[in-house]
Structures are given as structure tokens and as C-alpha cells.
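These notes are about the structure you will find just below.
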Number of protein chains: 2
Amino acid sequence: MHTMRKRRSTISDVAKLAGVSIATVSRVVNGTAPVAQETVDRVQDAIAALGYTPHAAARKLAGRETGTLGVLLPEVAAEFFFPLVRGIAEEVRNAGYDLLIHVASSGLESSLSTPLGEHNTDGLLIFTGRLTDEEITRLYQAGFPIVLLYRSPPDALAIPYVMFENKRGARELIEHVITVHGRRRIAFLRGPEGNEDSEWRERGYREALERHNIPFDGDLVGMGGFDADIARETIESWIMEGLDFDAVFAGDDEAAMGVMAALRSAGKRVPDDVAVLGFDDINSAKLMAPPLTTVRAPIEAAAAGAAQALLAQINGQQPPHQLRYPTEVVIRQSCGCP
Amino acid sequence: MHTMRKRRSTISDVAKLAGVSIATVSRVVNGTAPVAQETVDRVQDAIAALGYTPHAAARKLAGRETGTLGVLLPEVAAEFFFPLVRGIAEEVRNAGYDLLIHVASSGLESSLSTPLGEHNTDGLLIFTGRLTDEEITRLYQAGFPIVLLYRSPPDALAIPYVMFENKRGARELIEHVITVHGRRRIAFLRGPEGNEDSEWRERGYREALERHNIPFDGDLVGMGGFDADIARETIESWIMEGLDFDAVFAGDDEAAMGVMAALRSAGKRVPDDVAVLGFDDINSAKLMAPPLTTVRAPIEAAAAGAAQALLAQINGQQPPHQLRYPTEVVIRQSCGCP
DNA sequence: ACGTTTTCTGAAAGCGCTTTCATCATAACA
DNA sequence: TGTTATGATGAAAGCGCTTTCAGAAAACGT
């Protein structure tokens, strides 16, 4: 049996059945001009009878917009990604757009097959180093609407971008374990290479140390990659080496989970022997053992904000150049608090 | 400053610059017919000079295919979702298609604004109860390529679908805690209403009980929703009620995480007092405290398989009607094993 | 050298839809 | 009652691209 494909019905089919012109059908479908009630009914009956749905591509071609927004994501991995997409999807749908999500493969095809250019979408939400600076610059200069997610624009271009108050959140978090729990050998796990969130968090970490006269120790900084497995390995090797530390700021919550696992299997108690600190406050943070002290980043809200900024840009409005979202320390038990 | 949008260059611009016809440009872009090397060079120079990119919509309109596949997802939630999308995205990209992801809002707009119909895509991967049976039936009857993810087709239509060996996996898992750890008061947490995976897992659970002459007790079945928070609440209320159980099969790993958290804060030890069992073997399963005994479901592979089936269908081939992926019990410590 | 393929290229016809522009009725106005 | 808004509709021009269809040029065969 082969799939015999019915020809999909077009606007002309509807027009014919309803005994009107295609222009009229278009009008009742889009409500772009007054149409007599009787005609409307006739057309709608025809549409129902034929099971007609407008062909998206044709629509896009005729109008000027594509009706879809794109999101460029790095290799899908983080739990972090959920609220992000949820926030964007919500906003985008409400505005009547479609969401085209592109997930980077292994980076091999950087600029080769970037199939999603300015043509498939009306605008782009670009997550972290997914596109090269040149490409971003090119899009910007072509007047293509884009919003950067968690990274600032290259060459100080006036591209809107969303950011969290990473530095402040990190600083407050570290100060908490210093002042309240008296920790002084605090390790930090960096996120992926070139990640701006990570850079700012590191700055916050250093600032906290400085404020309390704790000398910065490069040995206490390692790779976390915002990834549980990477973080775990780092901690495991530190323990093997006998590195001394009484707290670790994992960079993000996922990494924190890996840190806890490593500590646990090495027989170290959290938080008694080592305090563990995360960042983001993902859903599972409160479910960890012990519940994770972290910094809440309003990921979903930020994502929604980014989407709004993009939509605004598309509608010719002037979006804010930077959207900075506040963060808030969330004290649970992994820091030592009861 | 308002965003002054440069007119994007079209195929005619390129043709003019290169001094050829648009047909020729189309040919060199698509490699659909032999073109003299010299001409090719000239056209490519023009393309580069103009920064030309084909307009997707126009392309789709002209050709017959839209070049994009759609995935319909329920309200984004699960970690489970990652490998899923990764598997699909990989496969889809390799085939040169785009991936359009639609995330359900709150279900309100079920059939109202399903903007992604047969028109925006060449085929659809449909996740769990996102579309009504009628709609699926309609698409199927229109000969539109679809593949169902983790649900079987309505009315036994010949729509390809992917499934895991849920029942077998669940049965083996339960039998493990019965035979090896002597548990007899084993609770089960159901997934979302109507979820087929959950139904099969429950069947496996019951089968295991039967085989070991443990009478089924309805009190030991509760809501898990494949969600940590829901599962947690269920367990908390059970503990409040004083319900007696020595193991809980959470339905999936996310729920298991919630179960563990509930148990922990109630002062129960896992696995000593209560064994906890999951399903899926998501990445964080091995990081839980204690590491979770679960059933590994090859989510990514299954997703890739689904994508392949869809692609096959689109290319006029006959895909298998059912793709059933094997599951495998993964013993860690939450069951009581050392 | 002449007929026959093979290469290469352009003209032109759509793909399905939105949108002026123009045309009529009608209804509102003086 | 003549004139002017106003409401409803159709004809037709594209949107940017792919793809026959055909012709011109070059390569081949004998």
C-alpha cells in the first residue's frame, strides 16, 4: 500500500466552492476587510467542507513576514534549557508566531550549513556562542532583528541582549558561606569556555574573596562546564590530589549535582566537610540531598523578556539595549544552614 | 535611530550582477543541472558580493516540500525531553531538514490555533496526547506523514509509532526488589493521565506482583505525573496518612527524585526503609543520593528511529508500523543493592 | 563534413497567497 | 433627487523561487 496523498485544497478550491473570488476568501480568513455576513458563512462552510488550511509558505511569500522566530541553541543539554524555551515559546505563541528551534550539532557546520538565516525567520534569539561574531555582525548590519541570550554583542554593537546579575548574585552567595559559615577555602568551577555568565560569576566570586581578604588561589579554580559529569570529574581528581577545600561554588546547579555526587562517593559530608553552592535554582535544586543553596535566576522571565524584545524590534519599536534580570540568593542546606 | 532594513537581495539581483538568468542562478545554487564552470564562478562571486541567501518560503512554494519537519511536544517539562530532541534534531539535520518545534501551551488552544498543520511541515513527530485522536486521524487520512512518539495510533490506524518495552522493563525491575530485596509493599506512581508508557509500566508492575503472589493493593497506587513535585506530594501525604510501604516504583526518574526528597525529609532512609525505583535512566539518575536503580530506555535512539521513520515515509518508503525499543534494568543503590 | 548527442542557458509558467486598484451597489447626505 | 461616502467584491499583479520546454552551442561519431 502506498501512501496516496490527497492534493491539499487551496484557496481557489474554497473560492470555487463558495462561489466567490480568492480575494474574498483571503479576506474572511484574515479578517482584513469587511465581507458580507452571508458571504462569510458561505466561505466558512466551504473551508470546513474542504478542510482547508492556508499554506504557510505561500502566505509568507505573499506577505512580507515569515511568521516564525528562530532560536539558536547550543548542543541541547541543560535542564536550564527548559524554562528558557518555555518562556520564549509562550511569548512567541501569544504573538502569533511560530518557533523554529535550531540545535547546534557538534559545531562542525558552523557557518557551512547555517540553514536558518535571515530568511526562514523574522528574527533570531541567539543563545551563547552559537554564531560567530562575524555572522552576528553581518545580521545586525543587514538590519535583521536579533536578540542575544546571555552574551553581550561583539564590538559593542547595539544589539539587545539579556543578562542576569551574575556578579552580584555570585558575590552574595560566596559572602554568605564566608561570613555565616566561615569557609575560606572556596573553590570555583568555571562554565564552558567563553561563557559570559561564567565570567561574571567568577568575578563575583573573586570580589567576595577580596572583600574578606581571602587571597585568590588559582588551584581552587577548575572546570565545571556547567555539566554534572565534568564537575564530578574535576572534584574527583582534586580529592585524589588531596587538594584542600571547604566549599565549592559549582558555577551552576547541574555542576553542583555532580560535585555532590563526587563528594558523597569520596565519603565527604555536605555541608559539614564541604559546602556546595550552585547557580540558577533549577527545579531539582530543592530536591538534592541536601537541598542546594544557590542563586535564583529568573530564566523563564528573562527568556520571555528576550522574546518580547525581539518582537518589539520586528514591529519597528526600539527595544532596550540591555535587559538585566536580578538574581537572588536562595539559602537551603548545602551551605551549612539548618 | 530606526532600524533601516536593507532590502534583501533576491535571485534576480544575483542574476543581474552575474549577467545570467535566474534559472541559471537557481541551478548553481541547487546543483540541479550542469552549468559551465565559468558561469558557476561568476554566479558564486555575485552571490558572495550580495550576501545572497535563498528565501525559504519562496523555495517551498515553488518546490513541493517545505523542508521542515515538526515536533509536537507537551508542555515542556521533563529532562527526558533532551535526549529526545537531540536524537530527533540530529537525524533531521543530517537529512537536510529543519526542525520546527511546537510546544503546547496549556492545551486551551487544542484545535483552535494549531498553527502547525500539514502546511508548515513535510511531516510531524507527535508526542503523546498533544493532538486529539480526530486530528491525528484526519492527518493520517490526508496521507500526511506522521510518526507517533510513545503512543499508539487511534483506531488501530497504520501510523508508525515508537515505544519502549515498558512492561517488560517494569516487570523485571519490580521482580528485582521482590526477589532480591524481599519487598512486598511496593507502591506505584502513575504518570500523566492517559500516558501509555505509564499504562504499560503499570501492567509490568502488576505482572510482577502476580508472579510472586503479592495481591494488588489499590492504596499503593498514586499520582506521580512523571513529575518530581507531584510525586513528592503524593509520598508526603501517604506518610502523613501512615500508609505502609517498603518500596516505590515512581513511574519515571523525575518522579523518583521527588519521592526521594519526600522520604528524606520525613526521615525515612533510602533504601533501608523504602526502596526507590525509577524508569528512563536520565542523566541525573546516577547522581542521586543514593544513585537510582532504574530501567534504561534508549530515548535518544528511539527518537532518532522515529525521525528516520518519518523521513522514510516522506520519501515514499514504507516505514515499520511499530518501532519497539528494548529496555534494560540498571541496578544502582536505591533498591538496596550495595 | 554533416547528422546526432550532449551541454549549457534563457523564457516563461506557475506554487498559493496577500493586496492594491477598480467596480458596483447601496446607504447617507445635502 | 443628485451627489458622495461606504460596503462588498473581483481582477490582476506580484512575492522569490523551481522547473519544464526549447533553442543555441559545442562535442561526438562515422
Side-chain angles (χ1 to χ4, degrees), chain A residues 5-44 46-47 50-68 96 98 115 117-122, chain B residues 5-44 46-47 50-68 96 98 115 117-122:
Chain A
R5 197 93 141 260
K6 254 184 261 176
R7 200 184 64 79
R8 70 165 49 125
S9 39
T10 74
I11 198 172
S12 339
D13 297 332
V14 175
K16 207 165 300 167
L17 215 190
V20 299
S21 73
I22 62 167
T24 299
V25 175
S26 175
R27 284 178 191 120
V28 351
V29 169
N30 300 295
T32 43
V35 175
Q37 186 55 48
E38 191 222 349
T39 314
V40 171
D41 294 343
R42 215 145 21 94
V43 170
Q44 272 166 350
I47 288 178
L50 265 42
Y52 166 75
T53 346
H55 183 116
R59 217 166 187 171
K60 289 165 192 176
L61 222 207
R64 60 218 0 67
E65 324 272 62
T66 72
T68 108
D98 278 353
E118 52 203 292
H119 281 285
N120 292 288
T121 53
D122 291 341
Chain B
R5 196 96 140 259
K6 253 183 263 177
R7 201 183 62 81
R8 67 165 51 125
S9 40
T10 73
I11 198 172
S12 341
D13 298 332
V14 176
K16 208 165 299 167
L17 215 192
V20 297
S21 74
I22 60 167
T24 300
V25 175
S26 175
R27 284 176 191 122
V28 355
V29 169
N30 301 296
T32 42
V35 175
Q37 186 55 49
E38 191 222 351
T39 313
V40 171
D41 293 343
R42 217 147 18 96
V43 170
Q44 273 167 350
I47 288 178
L50 266 41
Y52 166 75
T53 345
H55 183 117
R59 220 164 183 168
K60 289 165 192 178
L61 222 207
R64 61 218 358 67
E65 324 272 61
T66 72
T68 107
D98 277 353
E118 52 204 292
H119 281 286
N120 293 289
T121 53
D122 291 341

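Below, chain A is the first sequence line, B the second, and so on; all start at residue 1. Note that the structure is predicted; figures quoted are calculated from it, not measured. Just the heavy atoms: all of them, side chains too, but no hydrogens, waters or symmetry mates, feed the values below.
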Item to check | Sub-4.5 Å side-chain heavy-atom contact between B/Val14 and B/Gln44 | outcome: no
Checklist outcome for this item: Looking only at heavy atoms, the pair that brings B/Tyr52 and B/Thr10 closest together is CE1-C, 3.5 Å
Next on the checklist: Distance check needed: D/dG16 P versus A/Arg59 CZ, whole Å only.
Outcome noted: 19 Å
Checklist outcome for this item: Rounded to whole Å, CG of A/Leu50 lies from P of C/dC17 at a distance of 11 Å
Next on the checklist: Restricting to non-hydrogen atoms, name the atom on A/Ala46 and the atom on A/Ala18 that form the minimum distance, rounded to 0.1 Å.
Outcome noted: CB-CB, 4.0 Å
Checklist entry - In what stems does DNA chain C take part, counting only runs of at least 3 consecutive Watson-Crick or G-U pairs whose two distances fall under 3.5 Å? => result C:1-30 with D:1-30
Checklist entry - Do the non-hydrogen side-chain atoms of B/His55 and B/Leu61 ever get within less than 4.5 Å of each other? => result no
Next on the checklist: For A/Ala33 versus A/Arg27, what's the shortest heavy-atom pair and its separation?
Outcome noted: CB-CD, 3.6 Å
Item to check | Letter per nucleotide, 5' to 3', of nucleotides 7-15 of chain C [B base touched, S only sugar-phosphate touched, - untouched; heavy atoms, 4.0 Å] | outcome: -SBBB--BB
Item to check | Contact check, side chains of A/Thr39 and A/Val20, non-hydrogen atoms, under 4.5 Å | outcome: yes
Item to check | Option from A/Ile47, A/Leu50, A/Ile22 for which side chain to side chain contact (heavy atoms under 4.5 Å, CB included) with A/Asp13 holds | outcome: A/Leu50
Checklist entry - Do A/Ser26 and A/Asn30 come close enough that some side-chain heavy atom pair is under 4.5 Å? => result yes
Next on the checklist: In this structure, how many angstroms lie between the P atom of D/dT9 and the CG atom of A/Asp41, rounded?
Outcome noted: 11 Å
